[in-house]
Amino acid sequence: MVELRHSSSMGTRASSSPMKREEDTTPLVLKNQADDDEDDHDRHSRDRDRPFCLGLQSLFPYFSDETRVSLQHSKISLAVLPLILIAGLISIPSIWNRLNAPYLCRKDGIVLHCPRVKEAPSLWENPYSATTSWKPCAERRDGGISDLPPENETTGYIFIHAEGGLNQQRIAICNAVAVAKIMNATLILPLLKQDQIWKDQTKFEDIFDVDHFIDYLKDDVRIVRDIPDWFPDKSELFTSIRRTVKNIPKYASAQFYIDNVLPRIKEKKIMALKPFVDRLGYDNVPPEINRLRCRVNYHALKFLPEIEQMADQLASRMRNRTGSSNPYMALHLRFEKGMVGLSFCDFVGTREEKARMAEYRKKEWPRRYKNGSHLWQLALQKRKEGRCPLEPGEVAVILRAMGYPKETQIYVASGQVYGGQNRMAPLRHMFPNLVTKEELASKEELDGFRKHVTSLAALDFLVCLKSDVFVMTHGGNFAKLIIGARRYMGHRLKSIKPDKGLMSKSFGDPYMGWATFVEDVIITHQTRTGLPEETFPNYDLWENPLTPCMCKA
């Protein structure tokens, strides 16, 4: 196999530059600027920071203690004093303008007029002024399509298997409610299909509050807990082809269900929809259907009280680990072996590691692997497009460039990291206050949740949702549902979504200095923190619920 490599120049910056950053008081003030930059800037910095009274003395050197003594003994000085005072009063507006005017700074060798920064942006929350335009309104029902038909007018019963992990299942449940509404059908409580990786046998009622779910949606969709008693053979619903609607296209429209699925439900009275992952679109359904999906996601689907309580305890412990109240960051670190393998990206490592990964990919994805000769070009292209997971060390460098100090409290939501402690070492070195739920809670506290892996995933979900800052490192349902929920809560909490494509260029540039890298990171991510962002066709509803589910304040 051709050995895949990419530039590891990031390693130098990761090991040396953050030590300089620790002394900075703000991520926007750098102490390691070039000398020529400092020479041009020092004069203006002194003028800007000098107290107002000292500014007067610099403009009028005669106005000093010695001058006042001489004035007492000189009639000429007494005559000049009023003129000096008048001149000083006249000069005050110009001094004020000078203190607030743009100052000269240099960027890439070019002298620019740079606006003064009155207040450094907060590391822990989005600007208040930028988050007051929208408010959540998914609970609003406009009538019409939201009116529940009489029980005897139901068109039939639909049943789904919610596949995948917890968050993929969550999306499937929201879509199932929406599809039932479109067809005026009764929804049988979804079955959480056994996860093929974790072999988890979790039921809906093991994770979610069923009573709240059914009661909250009673004015939208009729939901029953089980298959009706009049149906002769319940097992037939899972196995019979005649009772299953297949070949539903991804992101199907509302009209597709009305034209193709509804007639079969009316005929058979009860049907299973399979598969049911991303089987409903966003822009080809009525706005109220999208609002209903948000109503399910943000209001109807509540975790069991014991899960909510444990998550509250973990969040509280994160904020009080140092004995005083501190904000904390939640990091969704997607760098498990399966993710690294499936990405078909190249990562820094030894020849032995690369050979073992090649064998793993060949075994798990033989059709995509082929003979491995095409992977070098594929890896380069995916990295340029920002489709490769960030390594723990890369995440650490980006966070330090943003200004987060070494003392930052970080909660890590992650599976087993590929490469183990060696791969985690750069991140732990730069941010030693890094913990997981297993380190925050005792074994006895978590034992009650271990019987269902989905319960542990729910704890991670809630602790990340409650964090002051959430950072994702790769795509996926977990990250987009967290970001979407935090936006729906008011856009105030930061949700940092790194620009992986741009960062890959910076990491691969051996000539880029730390100051330039910091500037690039800060500027690039000013608008990637979960601020209000208009939706557009085919935009993911779960990541950005703005237009259908939020209203102008």
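Nothing here was measured: the structure is a model prediction, and the numbers come from that model.
- A cation-pi geometry, defined here as NZ or CZ lying under 6.0 Å from the six-membered ring centre and within 45° of its normal, does not hold between Lys437 and Tyr411.
- At a cut-off of 3.5 Å, with distance as the only test, a side-chain donor of Arg170 or Asn297 sits close to an acceptor on the other residue.
- Between Ile173 and Phe213, the closest side-chain pair of non-hydrogen atoms falls below 4.5 Å.
- Put simply, the side chain of Phe470 reaches to within 4.5 Å of the side chain of Met472, judged on heavy atoms.
- Between Phe208 and Lys302, every side-chain heavy-atom pair lies at or beyond the 4.5 Å cut-off.
- A side chain to side chain donor-acceptor pair (under 3.5 Å) check over residues 473-491, counting only residues at least two apart or in different chains, returns the pairs His299-Tyr488, Ser467-Arg486, His474-Lys500, Asn477-Lys480, Lys480-Asp540, Arg486-Ser495, Arg487-Glu533.
- Put simply, CG on Leu304 and CE on Met310 are 15.0 Å apart, with the number rounded to the nearest 0.5 Å.
- Looking only at atom types and distance, the side chain of Tyr251 has no donor-acceptor partner in the side chain of Asp283 under 3.5 Å away.
- A donor-acceptor contact under 3.5 angstrom links the side chains of Asn126 and Thr529, judged on distance only.
- With hydrogens and angles left out, the side-chain atoms of Arg293 and Asn290 include a donor and acceptor closer than 3.5 Å.
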(request) Please test Asp468 against Leu123 for side-chain contact (heavy atoms from CB on, under 4.5 Å), starting from the C-alpha separation and ending with a verdict. (result) CA-CA 9 Å; Asp468 298 275; Leu123 291 173; over 6 Å; no
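- Looking at every heavy atom in both residues, Val521 comes nearest to Met402 through CG1-CG, 3.7 Å.
- Each of Trp365, Tyr369, Phe344, Tyr418 was scored for a ring pair (Phe, Tyr, Trp, His ring centres under 6.0 Å) with Tyr360, with one residue passing: Trp365.
- Between the side chains of Glu438 and Thr436, at least one donor-acceptor pair of N or O atoms lies under 3.5 Å.
- Here Phe159 and His161 bring their ring centres to under 6.0 angstrom of each other.
- Listed by chain and number, the residues in a salt bridge (Lys or Arg N to Asp or Glu O under 4.0 Å) with Arg356 amount to none (sequence neighbours excluded).
- Distance CD/Glu267 to CD1/Ile265: 11.5 Å, rounded to 0.5 Å.
- Judged purely by distance below 3.5 Å, without hydrogens or angles, the side chains of Gln377 and Gln381 never pair a donor atom with an acceptor atom.
- Considering only heavy atoms from C-beta on, Tyr539 stays 4.5 Å or farther from Tyr282 through its side chain.
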